[in-house]
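Along the sequence shown, residues carry numbers from 1. Both backbone and side-chain heavy atoms feed into the values below; hydrogens, waters and symmetry mates do not. This one's a predicted model, so the numbers in the text were calculated from it and none came from an experiment.
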Amino acid sequence: TQERAHESNEITKGVLMATISSYKYETVAASQTGQVLGTTGAAGDRIKKIVVTVTTAATSTVALLDGVTSVSLVPAVTPVGIHTIDFGDGIISTTGAWSLTTGAGCNLIAIGDFT
């Protein structure tokens, strides 16, 4: 995984507050099963964005697992190209490490706060 600092500023009660958060990215190759995001991953990890590159539409599936619950993010009929799944302020794992499973027809980059 790679890490970069991100800074945002907001004004609270007339005082400029700076918030620095750290986002990491991790690549997931095609045909991976249950690749954990981060070194060990844990409940509380946050996914900000997933960028999927589809090379073969028929085998481009992506599934996201939150320790227990699996959600299909990309169906096998997704057109060839780059697709971004943006989670806004991020989604937080509640039951365990985030993991991703990719089909043979795609790879991806996951961006977030991973342990």
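- Between the side chain of Ser60 and the backbone N or O of Pro75, at least one donor-acceptor pair lies under 3.5 Å.
- Counting heavy atoms from C-beta outward, Cys106 and Val62 have side chains that approach closer than 4.5 Å.
- Between the side chain of Glu26 and the backbone N or O of Gly38 there is at least one donor-acceptor pair closer than 3.5 Å.
- Residue Thr102 holds its OG1 atom at 7.5 Å from CG of Asn107, rounded to the nearest 0.5 Å.
- Test Leu100, Ile50, Ile111, Thr115 against Leu37 for side-chain contact (heavy atoms from CB on, under 4.5 Å) and you get one pass: Leu100.
- When every heavy atom of Val36 is checked against every heavy atom of Ala97, the shortest pair comes out as CG1-CB, 3.8 Å.
- Note on Phe87 and Val71: same hydrophobic cluster, where clusters join Ile, Leu, Val, Met, Phe, Trp and Tyr whose side-chain heavy atoms are under 4.5 Å apart, directly or indirectly.
- The number of heavy-atom neighbours closer than 6.0 Å to CG of Asp86, taken from other residues, nucleotides and ligands shown, is above 12.
- Between Leu73 and Ile85, the shortest heavy-atom distance links the atoms CB-CD1, 3.9 Å.
- Clustering of Ile, Leu, Val, Met, Phe, Trp and Tyr by side-chain heavy atoms under 4.5 Å joins Val51 with Ile82.
- The line from CG of Leu108 to OG1 of Thr84 is 11.0 Å long, rounded to the nearest 0.5 Å.
- Remark: Ser93 engages Asp66 in a side chain to side chain donor-acceptor pair (under 3.5 Å) (not counting sequence neighbours).
- Closest approach of Ile47 to Phe114, counting heavy atoms only: CG1-CE2, 3.9 Å.
- When atom types are taken as modelled, the side chain of Thr59 and the backbone of Gly105 share a donor-acceptor pair closer than 3.5 angstrom.
- Taken from CD1 in Ile91 to CG in Leu64, the straight-line distance is 5.5 Å, to the nearest 0.5 Å.
- Judged purely by atom type and a 3.5 angstrom limit, Arg46 has no side-chain atom pairing as donor or acceptor with the backbone of Tyr23.
- Thr27 and Gln35 get closest at one heavy-atom pair: O-NE2, 3.0 Å.
- Counting all heavy atoms, side chain and backbone alike, Ala104 lies closest to Ser31 at CA-OG, 3.3 Å.
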